[in-house]
Amino acid sequence: MTFVVGLALAVTAAWIYLLAARARLGGASEFDRIDTQGTPERWPQVSVIIPARNEAAVLPFTLPSVLSFYYPQADVIVVDDCSEDRTAQTAANIAAADERENLRVIQGTAPPEGWRGKLWALEQGVRASRGEWLLFSDADVVYSPALLRDLMRLALNQRYQMASLMVLLRAESFWDRLLIPAFFFFFHLLYPFDQVRKPRAATAAAAGGCVLVERAALERAGGLAAVREAWIDDVALAQALKRNGASIYLGATVQAASFRRYGTLKSIREMVTRSAFTQLRHSWGLVAATLVMMGILFGVPVAGAV
């Protein structure tokens with residue numbers, strides 16, 4: 001009986017901590033409610049860098065939204081990351097059809113030793129860019145025209161050197177609706193957004209689908225080379241910037257959405273493997289320990305109620 005009471009008290013304390021310190025989602029979507037009125041004294045030039053590997057099927061739906069940003073000074077760089085389809089040609093055709101002169105397509109090369117593929121593609125885009133600020137975007141993200149302007153206004157007004165947004169993930173199938181909200185909640189438990197924003201808090205993270213970063217701050221942190229071997233590149237980059245004194249913002253938005261369909265348990269498992277499993281250092285021992293702890297955390301209250 002003493003063991004049962006002790007376990008119940010421990011689980012109660014754990015839930016009080018989670019609900020009070022890490023599970024509050026109230027500020028997660030505050031970006032869409034921020035007053036975006038007012039114009040900065042000067043809009044800095046932004047280079048949008050899109051690493052794209054075998055994305056010919058989605059670019060016709062996503063790239064036009066990037067080219068249509070309501071922003072006075074923005075150029076777009078698509079880095080063809082050694083694709084096996086017509087990714088580069090598709091991007092070039094979109095630019096030609098819309099008569100866009102602010103889009104460049106770069107034929108990327110294979111990553112050198114010590115570099116992860118996506119990070120090397122981003123690095124090639126950074127080297128070719130001219131912007132004072134850089135927007136790292138996944139190729140499958142569709143944006144509202146005002147998002148870049150509003151995100152830059154937030155960064156300038158609040159003095160952030162990095163501002164990142166979690167975009168909407170499509171939830172159409174049974175597995176999508178069951179697991180994607182849980183994935184979002186788990187990410188927030190690991191990296192509470194309000195803690196990320198606090199300069200003195202050690203927590204740092206970013207959402208790789210949409211990351212706005214000041215070039216000078218990126219260079220002070222050692223550039224992308226500082227995280228070139230990272231598995232979770234967005235989190236590693238945010239940690240590197242924060243360690244070097246940068247102020248960072250992490251939020252969520254409905255003004256940008258992933259065009260990619262998941263739909264199956266396998267596709268969602270692959271997404272989680274790239275994030276949660278990597279966060280657990282690819283250790284099956286840590287996976288087992290995590291599952292045991294989650295079983296206790298969520299199972300004991302239900303068992304107690306029964």
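Nothing fancy with the numbering, it's 1 onward along the sequence.
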Measure the [atom1]-[atom2] distance between [X] and [Y] for me, rounded to the nearest 0.5 Å.
X: Ser47; Y: Ile77; atom1: OG; atom2: CD1; result: 5.0 Å
X: Arg197; Y: Leu250; atom1: CZ; atom2: CG; result: 7.0 Å
X: Leu224; Y: Arg127; atom1: CG; atom2: CZ; result: 9.5 Å

Answer yes if the side chains of [X] and [Y] hold a donor-acceptor pair under 3.5 Å, and no otherwise.
X: Ser68; Y: Tyr143; result: no
X: Thr90; Y: Asn93; result: no
X: Arg215; Y: Ser129; result: yes
X: Gln255; Y: Ser144; result: yes
X: Ser258; Y: Asp140; result: yes
X: Asp80; Y: Thr87; result: no

Taking the side chain from [X] and the backbone from [Y], do they hold a donor-acceptor pair closer than 3.5 Å?
X: Ser137; Y: Val48; value: no
X: Gln124; Y: Trp120; value: yes
X: Lys242; Y: Val196; value: yes
X: Gln73; Y: Val46; value: no
X: Ser164; Y: Ala206; value: no
X: Asp85; Y: Ala56; value: yes
X: Thr62; Y: Ala139; value: yes
X: Arg228; Y: Ala225; value: yes
X: Arg104; Y: Ala128; value: yes
X: Ser247; Y: Tyr160; value: no

For Asp138, salt bridge (charged side-chain N to carboxylate O under 4.0 Å, His left out) partners two or more places apart: Lys118

Contact summary for [X] and [Y], nearest pair of heavy atoms:
X: Ser65; Y: Val142; result: OG-CA, 3.7 Å
X: Ala91; Y: Leu59; result: CB-CD1, 4.3 Å
X: Pro44; Y: Tyr71; result: O-OH, 2.5 Å
X: Ala155; Y: Trp133; result: CB-CH2, 3.9 Å
X: Phe136; Y: Leu237; result: CE1-CD2, 4.1 Å
X: Ala121; Y: Asp81; result: CB-CG, 4.0 Å

Non-neighbouring partners of Tyr70 that pass ring-ring contact (aromatic ring centres under 6.0 Å, His included), sequence neighbours left out: none

Is Arg42 salt-bridged to Glu132, going by a charged N under 4.0 Å from an acidic O? yes

